[in-house]
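Residue numbers start from 1 in every chain, and the chains themselves are labelled A, B, ... in the order their sequence lines are given, proteins ahead of strands.
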Protein chains: 2
Amino acid sequence: MQAFERLCRERGVSLTIQRRNVLEALLDGKAHPTADELFADVENRIPGISRTTVYRVLDTLVELGVIGKVYQPGEAAFFDVNTHAHHHAACVLCNKIVDLEGALPNAPIPPDLKPHGFEITESHVFFRGICRDCRKKKPRPRGTAGTGSRCSRTKPSRPKNKSSSKKRTRP
Amino acid sequence: MQAFERLCRERGVSLTIQRRNVLEALLDGKAHPTADELFADVENRIPGISRTTVYRVLDTLVELGVIGKVYQPGEAAFFDVNTHAHHHAACVLCNKIVDLEGALPNAPIPPDLKPHGFEITESHVFFRGICRDCRKKKPRPRGTAGTGSRCSRTKPSRPKNKSSSKKRTRP
DNA sequence: CGCCAAATGCAATCGTGTGTCATTTGTGAA
DNA sequence: TTCACAAATGACACACGATTGCATTTGGCG
């Protein structure tokens, strides 16, 4: 965190409360939050903060190299304070993300291989599957919409249109 | 193509002109088209076809195992008639996609590795970098928005709202 | 303090799809 | 060949993640 403040000064990046709080939320919140999860968290710290700002702050943090951004196949990207190279796997049932720290037997990334004269600069490796918990608890649910038990994720979705009857059209 | 017709009959899937044409577009169009690029292509073959249909047909073809769907990190997914296992790399400058057919020295996918009791069912491996052409022609463009030369991609985007001066508010 | 580029807030918009439902069409049986 | 019906399609709205344009605020500096 002081490292972050130092880095900002070095790079001439303003130290705003928004940036501080987003980083704090990343540091003491859940492990692999999406932008929206972070937004929800940061809202508690800075009540009026804008979603856009959270997205932009996250971009900035990624650019600074403070955090990593991980793209999931169909889903929202998530962020990771662990910036050293590792891969992830997501559970298709509960969406939990697990780190694959050095758990891969053979190096998945050929870093400077140049097939077809192609110079690779980024590698994205991502797995999906079923986590241990879900494998244990759901032998074959079948039809029943698996009510109880954790392994849930609800999407509150965003405030919507809210259509405030304010014509608000810009000339 | 006859193989496709056979497969459809086997699986009880109707042989519609839409499906035929989407597959044809895939077979003789560009190598790694996105859904929208295919839609644009198929529109020339079946003028009134719906975007929704193209998306659904593509899903169907993937389910039939006729084509593969590849998720790019931040971008739109693309489709691939080459269904045998291989990976891809996208050029960050021109967006061209190249196949990495067996070019990887060490197996990138640990198919049934169970780290943390996790059972992996899907693997996504994707690279980004700079293709040979772009490496040759852009030593350091600097400011100039690299005008000529192939290595371009324009996004016509979809027909838009077309909003006929309607106030655009939902009741 | 006061300045000003940088950062933020806000609403609109975009891109990539998915859901709903009425209509059309392939397909197998008569 | 015609018929009936499930399957597929078309039209359109909506979902969701994310971005953009522009006015306003603010951090950092002299």
Side-chain angles (χ1 to χ4, degrees), chain A residues 5 8-22 33-40 42-43 46-63 69 71-79 153 155-164 166-171, chain B residues 5 8-22 33-40 42-43 46-63 69 71-79 155-163 166-171:
Chain A
E5 305 187 351
C8 284
R9 268 182 277 269
E10 268 172 34
R11 306 274 210 102
V13 169
S14 304
L15 264 162
T16 64
I17 16 173
Q18 288 86 349
R19 286 184 179 151
R20 262 186 243 269
N21 278 274
V22 169
T34 64
D36 265 11
E37 285 166 350
L38 276 167
F39 170 60
V42 178
E43 251 187 332
I46 311 174
I49 196 173
S50 155
R51 172 191 307 278
T52 313
T53 297
V54 173
Y55 275 92
R56 276 188 294 220
V57 166
L58 287 169
D59 279 352
T60 305
L61 294 179
V62 171
E63 249 169 65
K69 179 173 188 176
Y71 294 91
Q72 295 189 73
E75 308 287 315
F78 61 84
F79 297 86
R153 179 176 275 200
K155 292 240 178 185
S157 100
R158 87 171 103 160
K160 282 286 178 45
N161 220 340
K162 184 181 296 184
S163 64
S164 51
K166 284 287 192 175
K167 245 355 147 7
R168 206 80 278 292
T169 51
R170 250 199 329 108
Chain B
E5 306 188 348
C8 282
R9 268 181 277 271
E10 270 173 31
R11 307 276 209 99
V13 170
S14 303
L15 265 162
T16 64
I17 15 173
Q18 288 85 350
R19 286 182 181 153
R20 263 185 244 267
N21 279 274
V22 169
T34 65
D36 266 10
E37 285 166 349
L38 275 167
F39 170 59
V42 177
E43 250 187 333
I46 312 174
I49 195 172
S50 155
R51 266 168 37 86
T52 314
T53 298
V54 173
Y55 274 92
R56 276 188 295 222
V57 166
L58 287 169
D59 280 351
T60 306
L61 294 180
V62 171
E63 248 169 67
K69 180 175 189 174
Y71 292 91
Q72 293 190 73
E75 308 288 314
F78 62 83
F79 298 85
K155 291 241 175 186
S157 96
R158 85 170 105 163
K160 281 289 178 47
N161 220 343
K162 185 177 295 183
S163 67
K166 283 299 189 178
K167 223 23 126 5
R168 195 88 275 295
T169 51
R170 251 204 325 113

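Residues passing the side-chain hydrogen bond (donor to acceptor under 3.5 Å, both in side chains) test with A/Y71, sequence neighbours excluded: none. With sequence neighbours excluded, no residue forms a salt bridge (Lys or Arg N to Asp or Glu O under 4.0 Å) with A/R56. Taking B/L15 as the reference, B/F4, B/E5, B/C8, B/R9, B/R20 meet the side chain to side chain contact (heavy atoms under 4.5 Å, CB included) condition, with sequence neighbours excluded. In this structure, the side chain to side chain contact (heavy atoms under 4.5 Å, CB included) partners of B/A35, at least two apart in sequence or on a different chain, are B/Y55, B/L58, B/F79. Residues passing the side chain to side chain contact (heavy atoms under 4.5 Å, CB included) test with B/E63, sequence neighbours excluded: none.
In this entry the distance linking CZ of A/F78 with P of D/dA18 reads 12 Å, nearest Å. Following rounding to the nearest Å, B/E5 (CD) and C/dT27 (P) show an atom-to-atom distance of 10 Å.
Residue-to-nucleotide contacts include a donor-acceptor pair under 3.5 Å from the side chain of B/R51 to the base of C/dG17. Applying the 3.5 Å distance criterion, the base of C/dG17 shares no donor-acceptor pair with the side chain of B/R56.
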Distances under 3.5 Å between protein N/O atoms and the N/O atoms of nucleotides 28-30 of chain D, please, pair by pair.
unit_1, atom_1, unit_2, atom_2, d
D/dG28, OP1, A/L15, N, 2.8

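Summary of the strand contacts: B/A77 and A/T52 both lie near DNA chain C, and taking for each the nucleotide with the nearest heavy atom, the more 5' one is attributed to A/T52. Each of B/Q18 and A/G48 was assigned the nucleotide of DNA chain C with the nearest heavy atom; the assignment lying further toward the 5' end belongs to A/G48. Of the residues near DNA chain D, A/I17 and B/T53, the one whose nearest nucleotide (by heavy atom distance) lies more toward the 5' end is B/T53.
Considering every non-hydrogen atom in both A/V42 and A/I49, the closest pair reads CG1-CD1, 3.7 Å.
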